[in-house]
Amino acid sequence: MDISTYHQALLENTISTQALVAFYLDRIQRCDGALLSIVSVNPRAIEQARECDTILRTTGSLIGSLHGVPVLVKDNIETEDMTTTAGSLSLEGFSTGKDADLVRRLKAAGAIILAKTNLHEFAIWGESISSIKGQTRNPYDLTRTPGGSSGGTGAALAANFGLVGIGTDTINSIRSPSSANNLVGIRPTVGLVSDDGIVPYSLTQDTAGPMARTLADAEAVL
């Protein structure tokens with residue numbers, strides 16, 4: 001399913017945001033043990049999905065361009081409802097209690113932050129190995145790399161744990177896992193997307209961008 005198809009189904013009342021979020025949460029619980037792509041899950045995801053459904057029922061319209069879209073966010077990006085570990089045990093349990101600028105923008109467009117994804121520790125290499133979660137595996141072949149450092153987002157999207165995702169890229173960290181997991185990834189020009197609330201690696205090269213199964217979805221998230 002892509003965003004356009006999902007929104008059409010919402011408007012036709014053939015699916016609900018709560019049902020889609022519940023599907024993804026169940027799939028993460030059942031399947032991620034083999035992949036190790038998810039670090040944490042939003043404890044308020046179902047509640048937020050219900051809110052999206054209520055708004056649609058009462059107003060007859062979508063909140064915004066990402067209404068009810070479950071988004072997987074790399075765990076070096078701050079989120080109010082979940083910890084931000086950057087893949088390191090040294091930051092286990094760490095939370096500032098606020099959202100990164102890009103997360104605030106996603107939420108303003110109606111998105112639900114579904115889960116935080118594994119990454120190469122502090123996003124400094126291309127294999128997606130962290131001390132907080134271990135080695136993320138490629139769902140197409142568990143013996144192969146999912147790429148990195150946004151390999152958790154790549155593997156989770158390829159395994160259908162969410163509709164779209166966010167990665168960060170200093171050298172190749174969106175494009176590598178997108179290639180390895182049959183996805184579309186966009187590395188934006190540095191500065192186009194705010195780095196406020198992202199654990200830094202290089203202040204002159206870091207950027208965050210969308211990862212998705214289709215070009216249209218990646219464009220919509222950007």
Within the structure provided, determine whether [X] and [Y] are in side-chain contact (heavy-atom separation under 4.5 Å).
| X | Y | result |
| --- | --- | --- |
| P146 | R137 | no |
| L11 | N13 | no |
| I112 | V69 | no |
| T79 | D81 | no |
| S150 | M211 | yes |
| E92 | T83 | no |

Exercise. Does R104 have any salt bridge (charged side-chain N to carboxylate O under 4.0 Å, His left out) partners at least two apart in sequence or in another chain, and if so, which?
Worked result: D101, D196
Residues two or more places apart in sequence or in another chain: which of them pass side-chain contact (heavy atoms from CB on, under 4.5 Å) with [X]?
| X | value |
| --- | --- |
| Q29 | none |
| D141 | T143, R144 |
| A159 | L35, P139, F161 |

Do [X] and [Y] belong together in a cluster built from hydrophobic side chains that touch within less than 4.5 Å?
| X | Y | result |
| --- | --- | --- |
| L119 | I28 | no |
| L66 | L222 | yes |
| L36 | I129 | no |

Which other residues end up in the same hydrophobic cluster as [X], if Ile, Leu, Val, Met, Phe, Trp and Tyr are linked when side-chain heavy atoms come under 4.5 Å apart?
| X | value |
| --- | --- |
| V39 | L89, I132 |
| I55 | I63 |
| L215 | V184 |
| Y201 | L91, F94, F122, I124, V199 |

Restricting to pairs with a member in [range], which pass salt bridge (Lys or Arg N to Asp or Glu O under 4.0 Å), not counting sequence neighbours?
| range | answer |
| --- | --- |
| residues 145-162 | none |
| residues 125-136 | none |
| residues 12-26 | D26-R30 |

Throw together a table of side-chain donor-acceptor distances under 3.5 angstrom for residues 163-173, partners on residues two or more places apart or in other chains.
residue: T168; atom: OG1; partner: K74; partner atom: NZ; Å: 2.7
residue: T168; atom: OG1; partner: N76; partner atom: ND2; Å: 3.1
residue: D169; atom: OD1; partner: I171; partner atom: N; Å: 3.3
residue: D169; atom: OD1; partner: N172; partner atom: N; Å: 3.2
residue: D169; atom: OD1; partner: S173; partner atom: N; Å: 3.4
residue: D169; atom: OD1; partner: R175; partner atom: NH2; Å: 3.3
residue: D169; atom: OD1; partner: R187; partner atom: NH1; Å: 2.8
residue: D169; atom: OD2; partner: S173; partner atom: N; Å: 3.2
residue: D169; atom: OD2; partner: I174; partner atom: N; Å: 3.0
residue: D169; atom: OD2; partner: R175; partner atom: NE; Å: 3.2
residue: T170; atom: OG1; partner: D206; partner atom: OD1; Å: 2.5
residue: S173; atom: OG; partner: S149; partner atom: N; Å: 3.1
residue: S173; atom: OG; partner: S149; partner atom: OG; Å: 3.1

Exercise. At what distance, to the nearest 0.5 angstrom, does CG of L20 lie from OH of Y6?
Worked result: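 Between L20 CG and Y6 OH, I get 5.0 Å after rounding to 0.5 Å.
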What I want to check is whether the side chains of [X] and [Y] have a donor and an acceptor closer together than 3.5 Å.
| X | Y | result |
| --- | --- | --- |
| S130 | E121 | no |
| S90 | S88 | yes |
| E78 | T96 | yes |
| N118 | S37 | no |
| R213 | N160 | yes |
| T117 | T153 | yes |

Exercise. Taking NZ, NE, NH1 and NH2 as the nitrogens, is one of them in E47 or R50 under 4.0 Å from a carboxylate oxygen of the other?
Worked result: no
For this session: Quick one: do E51 and R44 satisfy side-chain contact (heavy atoms from CB on, under 4.5 Å)? Show the steps, please.
Result: CA-CA 11 Å; E51 291 171 359; R44 297 185 59 232; 4.0 Å; yes
Exercise. Yes or no on side-chain contact (heavy atoms from CB on, under 4.5 Å) for I113 and V103, after CA distance, side-chain angles and deciding distance?
Worked result: CA-CA 8 Å; I113 308 305; V103 172; 3.9 Å; yes
